Amino acid sequence: MRKRLGRAFFNRSVHDVAPELIGAVLLFNGVGGRLVEVEAYHQSEPAAHSFRGPTRRNSVMFGPPGYAYVYRSYGIHWCLNFVCEPEGSAGAVLIRAIEPTTGLAAMRRRRGTAEMRLLCSGPGRLCEALGITGSHNGLSLAAPPFQIFAADGGAEVVAGPRIGITKAVDLPWRYGEKGSRFLSKPFGAKATLSA
DNA sequence: TGCCCGATTAACT
DNA sequence: GTTAATCGGGCAA
């Protein structure tokens, strides 16, 4: 049986947490699958929402680890983050893609497609498929509707540059499962291997 | 207040 | 390849 992840897991550096999340299982109201792509963000670098200090939108990032930070992207989509680091460090891991395994019918209905690749491959798609919205901002990751289980160690993790940002573009803080068909974008040939 | 831009996606040409 | 949808934050005035 997989180990349930709680606050202790998230109360560490985003650089430790993010690669360990690849292969972990995320369920929201019993719907979800295996995490295959995430990105790390930290207050110290300008691509992070927390870089310029607390605002109403990002306040959850400045709270304790183990909580969900959900924000609206481009005025349209929702994006899910796991708050990490000791409280006040304002780090978070953006959940970018999952391999759908559980609750396929609900995901297909919400996304309006049966195409597996299009259900959860991208941060906005994933939130729509799982039914996550801004109303879930600030919820604990250790209690329903969230259930998060540790990776079983089978995933081979690669790292590369983050996607869709214009600042700190060279930091290789995107992590994914090597060769997964459910990535939002493939990793380049020069992607490095990670623990 | 007004203007520009963004951790995106789908539907165009 | 380009563009529209649409809203909160940051910054200038």
Side-chain angles (χ1 to χ4, degrees), chain A residues 10 13-15 17-19 21-22 24 26 28 33 35-63 65 67-85 89-100 107-139 141 157-177 180-188 191 194:
Chain A
F10 296 103
S13 162
V14 285
H15 306 300
V17 173
L21 281 173
I22 300 303
L26 164 66
F28 186 79
L35 299 183
V36 296
E37 182 184 350
V38 303
E39 287 176 359
Y41 288 86
H42 189 268
Q43 186 178 10
S44 62
E45 44 88 17
H49 285 177
S50 52
F51 180 65
R52 288 164 225 282
T55 66
R56 184 142 91 245
R57 177 173 70 155
N58 68 19
S59 63
V60 174
M61 283 187 76
F62 288 85
Y67 286 80
Y69 167 45
V70 184
Y71 71 93
R72 207 190 262 286
S73 174
Y74 289 87
I76 304 172
H77 309 288
W78 297 107
C79 294
L80 170 67
N81 297 252
F82 296 165
V83 176
C84 297
E85 308 262 347
S89 294
V93 175
L94 171 68
I95 309 305
R96 287 195 56 89
I98 70 178
E99 175 182 334
M107 290 192 261
R108 287 175 169 140
R109 171 171 46 79
R110 294 191 185 112
R111 292 280 300 121
T113 177
E115 191 61 44
M116 290 294 291
R117 266 259 356 180
L118 298 178
L119 291 183
C120 298
S121 296
R125 291 168 174 166
L126 172 160
C127 282
E128 186 173 40
L130 271 57
I132 295 173
T133 72
S135 69
H136 306 113
N137 187 39
L139 290 185
L141 300 173
V157 181
V158 289
R162 295 175 293 184
I163 292 180
I165 57 173
T166 59
K167 297 161 189 164
V169 293
D170 292 331
L171 297 178
W173 290 359
R174 174 181 181 233
Y175 300 94
E177 178 173 20
S180 170
R181 307 186 318 275
F182 298 96
L183 300 172
S184 66
K185 285 185 185 169
F187 282 78
S194 165

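Since the model is a prediction, treat every value here as computed from it, not as a measurement. Letters A, B, ... are given to chains in the order of the sequence lines, protein chains preceding strands, and every chain is numbered from 1.
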[atom1] of [X] versus [atom2] of [N]: gap in Å, rounded?
X: M61(A); N: dA7(B); atom1: CE; atom2: P; answer: 12 Å
X: I163(A); N: dG6(B); atom1: CD1; atom2: C1'; answer: 15 Å
X: E37(A); N: dT8(B); atom1: CD; atom2: P; answer: 10 Å
X: Y175(A); N: dA7(B); atom1: OH; atom2: C1'; answer: 16 Å
X: Y69(A); N: dA7(B); atom1: OH; atom2: P; answer: 10 Å
X: F51(A); N: dC5(B); atom1: CZ; atom2: P; answer: 19 Å

Go through the structure and list residues passing side-chain contact (heavy atoms from CB on, under 4.5 Å) with [X], not counting sequence neighbours.
X: C127(A); answer: W78(A), L80(A), I132(A)
X: S59(A); answer: none
X: P46(A); answer: F51(A), K167(A), A168(A)

Within the side chain of [X], is there an N or O that forms a donor-acceptor pair under 3.5 Å with the backbone of [Y]?
X: N58(A); Y: G53(A); value: yes
X: S121(A); Y: A97(A); value: no
X: S180(A); Y: F182(A); value: yes
X: S50(A); Y: A90(A); value: yes

Next on the checklist: Can you list, in residue-number order, the parts of residues 90-98 of chain A that come under 4.0 Å of DNA chain C, counting heavy atoms only?
Outcome noted: none

The criterion is side-chain hydrogen bond (donor to acceptor under 3.5 Å, both in side chains); which residues satisfy it with [X], sequence neighbours excluded?
X: R72(A); answer: none
X: R125(A); answer: none
X: T133(A); answer: S135(A)
X: E37(A); answer: R96(A), R174(A), S184(A)

Item to check | Passing option when H49(A) is tested against Y41(A), Y71(A), F62(A) for ring pair (Phe, Tyr, Trp, His ring centres under 6.0 Å) | outcome: Y71(A)

Tabulate protein N/O versus nucleotide N/O from nucleotides 10-13 of chain B, keeping only pairs under 3.5 Å, one per line.
from, atom 1, to, atom 2, distance (Å)
dA10(B), OP1, R111(A), NH1, 3.3
dA10(B), OP1, R111(A), NH2, 2.8
dA10(B), OP2, R125(A), NE, 2.8
dA10(B), OP2, R125(A), NH2, 2.5

Next on the checklist: Any base atoms under 4.0 Å from T166(A), or only sugar-phosphate, or nothing? Heavy atoms, all strands.
Outcome noted: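 Sugar-phosphate contact only - T166(A) comes under 4.0 Å of backbone atoms but never of a base.
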
Between the protein and nucleotides 7-13 of chain C, which nitrogen or oxygen pairs are less than 3.5 angstrom apart?
from, atom 1, to, atom 2, distance (Å)
dG9(C), OP1, R57(A), N, 3.2

Show me the donor-acceptor pairs within less than 3.5 Å that the side chains of residues 107-118 of chain A make with the rest of the protein, sequence neighbours left out.
from, atom 1, to, atom 2, distance (Å)
R108(A), NE, A114(A), O, 3.3
R110(A), NH1, A129(A), O, 2.7
R111(A), NE, L118(A), O, 3.0
R111(A), NE, L119(A), O, 3.2
R111(A), NH1, E128(A), OE1, 2.7
R111(A), NH2, L118(A), O, 2.7
T113(A), OG1, E115(A), N, 3.0
R117(A), NH1, R181(A), O, 3.2
R117(A), NH1, L183(A), O, 3.4

Checklist entry - Given the C1' atoms of dG8(C) and dA10(B), what is the spacing between them in whole Å? => result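 Roughly 22 Å separates the two C1' atoms.
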
Next on the checklist: Say we look at dA7(B) and dG1(C): how far apart would their C1' atoms be, to the nearest angstrom?
Outcome noted: 23 Å

Next on the checklist: So that I can compare with my own list, what are the stems of DNA chain B, taken as at least three consecutive Watson-Crick or G-U pairs with distances under 3.5 Å?
Outcome noted: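 DNA chain B stems, ordered by first number: B:1-6 with C:7-12, B:8-12 with C:1-5.
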
Item to check | Distance (rounded to the nearest 0.5 Å) between Y74(A) OH and C79(A) SG | outcome: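 Separation between the atoms: 9.5 Å.
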
Checklist entry - Would you say Y41(A) stacks on dA7(B), if stacking means ring centres under 5.5 Å apart and planes within less than 30 degrees? => result yes

